[in-house]
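Right, one structure below, let's go through it.
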There are 2 protein chains.
Amino acid sequence: MLTERQLFLFKVLVNDYIRSAEPIGSRTIAKRYDVKYSPATIRNELADLEEMGFLEKTHSSSGRVPSQKGYRYYVDHLLSPALLSKDEILNIKRAIQDKYYELEKVTQETANILSEFTHYTSIVLGPEVLTTKLKHMQIVMLSRETAVLIIITNTGHVENRTIKLPEGLDARKVEMLVNILNDRLQGTPLFKLKNALDSEIKNVLRQHLSEYERIIEMLNDALEYHPVDHIYFSGKTNILSQPEFKDIDKVLPILNALENKDIVYELLRPSGEDGIHIKIGEENAMREIKDCSVITASYSIGGEHMGTVAVIGPTRMAYPKVVTLMELVTNSLSELLTKRYQDA
Amino acid sequence: MLTERQLFLFKVLVNDYIRSAEPIGSRTIAKRYDVKYSPATIRNELADLEEMGFLEKTHSSSGRVPSQKGYRYYVDHLLSPALLSKDEILNIKRAIQDKYYELEKVTQETANILSEFTHYTSIVLGPEVLTTKLKHMQIVMLSRETAVLIIITNTGHVENRTIKLPEGLDARKVEMLVNILNDRLQGTPLFKLKNALDSEIKNVLRQHLSEYERIIEMLNDALEYHPVDHIYFSGKTNILSQPEFKDIDKVLPILNALENKDIVYELLRPSGEDGIHIKIGEENAMREIKDCSVITASYSIGGEHMGTVAVIGPTRMAYPKVVTLMELVTNSLSELLTKRYQDA
DNA sequence: TGTTAGCACTCTAAATGCCCGAGTGCTAAT
DNA sequence: ATTAGCACTCGGGCATTTAGAGTGCTAACA
């Protein structure tokens, strides 16, 4: 579809724009990278590329800028991995090491690294409920009718909910029940917890308690998993340093979107298969970040999907570098987590 | 010190500037509020006020603007409480009601209300460790040498730490120990927990365990309270809408400061007595927010200090409204918490 | 003696005009 | 097919102007 020369010029232009954030024209290309074509030839090619929708002009006599379609083509066909220096690789690998016991800290540190190395905003979706298993469950009464339900997973993560007991329900019965559940449900993946509760345990409970239905209802409510509680950020304000976001009005909707965890979750929602996904501009679910690109990648334990890491930056993003970095980071993270939790 | 007329003009000027964010001069004052003095007279008075340090000019022929000292004088001597409409009061009181069981949600909701009504950034320091008591403590083993220590307070708050057991320490012994501690320490205020651990319990433990020293050390580490884990924000980006922060460079250090929990905690650190405190511009601990004012107020349970709420805005802040609002909010919150946890 | 009118001056912000540079499209020559 | 040449366009930078709001100071006034 594209000639060799068009491809070359397109790539040169995109790379230059990613670096400089300035529209770039035929003369500059001819000068800056001593290509063997004259400005006029380049002009013709650029005009063709624009007609095909890969480039845009910011005004009638300006240089060209990649269009959204252009970026899409770039990442789909022209993305060559960036090289990281040995030092960088070493630093990253060392940072994602057995430095922290708590999974939360590891997750946060991962986010920190991503934002530090990219200068964009990074987001990490904490280890998903999907593959974490119940280690221990306990209920602690606070008062006659309120209690805290605590769930500890095999990854050391602690969930807790304050719940209100149905009126007239004996606290001791509830405690007894939870003890039973604790025995029975240990090792159950969290996402199966509600089902397990409903089916497998029903019979056991019936023997012990008459009010089991109300209790199950209550527990069902409490066991609802809220992924929004497990989002880690870093470099939230990095976007402000990008030249295309130098005026407040451009940046305000983006920052606001980042403050809203539901929106963020929507943006990162796993889109099917694992691996690296790139959403450019308006390809994203949310209108607010139509001038941004989101790159997501997933990490795993022993091959099982555990969570997602993401980087948000301008559409003019250093795609090669970010992609390479994310591969390295997710691999390191997966390795660490697998080593630590595979058989826990 | 100030004449009646100076006082009046000063107050008019500050109020106008708070509203409009524009430097204001003698003629405008004479026009806008039909005062009975001529611009020339007002000019003279303003010159005097400037000489005394209450006002400043942005350039040699500009109108006047309150200085930091001016704001200080304003809040110390001229602050008249704003009137909230019955609707507003009702809305706020209703919002801080028994809507949520979980203390975290109540706290977050409080922050939301504050930022919503002020259009500034609000911060709430969660119920402090100082007056919350241990309800239940438990250790759950994750693997041979890692475990989660869980602490539940009488306010329904759950703290958890992942800890690494000293090598060669028997997990069952640790569990036994924690059970004992659980019995003995129930009702101890969290801030006394480390002491209690050290003194009162020592003897009991010696009888049960030989390795008690290493265990105590481990628990001591784990029981360290990290106030930075209990900060709730709302309206982080509101500052961006203020005219004085329309350029990125002004706003970046502020947003960055808000992302750093240590800095935030430093800014809100309780300054002695309860009640409302106002820190203006450079009075604040952190250089980064020298163009902002921070208003803090505390809430309590049965008179005992529990936490702090704060609002951060430009020095040109609507002090009367914010102060009134914060009084209302902290009172409502104290009331709710007292009702709920007083005798728990 | 406190207040006011008048005046010359200052500074900012917005509008205006001008030019330069980088770019374009088109045509004709190579 | 490529390139040189040319007329044209647009944005950004720069100086200039103008209007508006303000000031300080002095002299006149009640």
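The sequence lines fix the lettering, A, B, ..., with proteins before strands; numbering per chain opens at 1.
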Requested in this report: Under 4.0 Å between any heavy atoms, over every strand shown, what does T41(B) touch: base, sugar-phosphate, or nothing? Just pick one.
Outcome: base

Report summary line: note: L9(B), atom CG; dT3(C), atom C1'; distance rounded to Å ~ 14 Å

**Report entry** Closest to the A40(B) side chain, choosing from dA5(C), dT10(C), dT23(D)
**Finding:** dA5(C)

Report task. Kindly compute the distance separating CZ (R72(B)) from OG (S293(B)), expressed to the nearest 0.5 Å. Result -> 8.5 Å

Query raised in the report: Of all the nucleotides listed (dC6(D), dA22(C), dT3(C)), which has the minimum atom distance to the side chain of R43(A)?
Result: dC6(D)

Requested in this report: Just compare dT24(C), dC11(C), dT23(D) and give me whichever is closest to any side-chain atom of R64(A).
Outcome: dT24(C)

Query raised in the report: For E45(B) and S60(B), take the nucleotide of DNA chain C holding the closest heavy atom to each; which residue's nucleotide lies nearer the 5' end?
Result: E45(B)

Query raised in the report: Looking at dT10(C), dT24(C), dC10(D), which one has an atom nearest to any side-chain atom of S26(A)?
Result: dT24(C)

Requested in this report: For T121(A) and N238(A), test the side chains for any donor-to-acceptor distance below 3.5 angstrom and give the result as yes or no.
Outcome: no

Report task. Look at the side chain of K279(B) and the backbone N and O of C292(B), then say whether any donor-acceptor pair between them is shorter than 3.5 Å. Result -> no

Query raised in the report: If you look at every strand shown and take non-hydrogen atoms under 4.0 Å, does K31(B) touch a base, only sugar-phosphate, or nothing?
Result: nothing

Query - Of the listed nucleotides dA4(D), dT24(C), dT3(C), the one nearest the side chain of L46(A) - result: dT24(C)

Query raised in the report: Expressed in angstrom and rounded to an integer, what is the separation of D48(B) atom CG from dG2(C) atom P?
Result: 11 Å

Report task. With the side chain of K57(B) defined as its heavy atoms from C-beta on, choose the nearest nucleotide among dG24(D), dT9(D), dG22(D). Result -> dG24(D)

**Report entry** Nucleotide nearest T28(B) (side chain, heavy atoms from C-beta), chosen from dT23(D), dG25(C), dA21(D)
**Finding:** dA21(D)

Report task. Please state whether the phosphate of dT2(D), meaning OP1 or OP2, lies under 4.0 angstrom from any side-chain nitrogen or oxygen of R5(A). Result -> yes

Report summary line: Side-chain atoms of S38(A) come closest, of dG25(C), dT23(D), dA4(D), to dA4(D)

Query - Reported OG1-to-CG distance for the pair T3(B) and D48(B), which is rounded to 0.5 angstrom - result: 8.5 Å

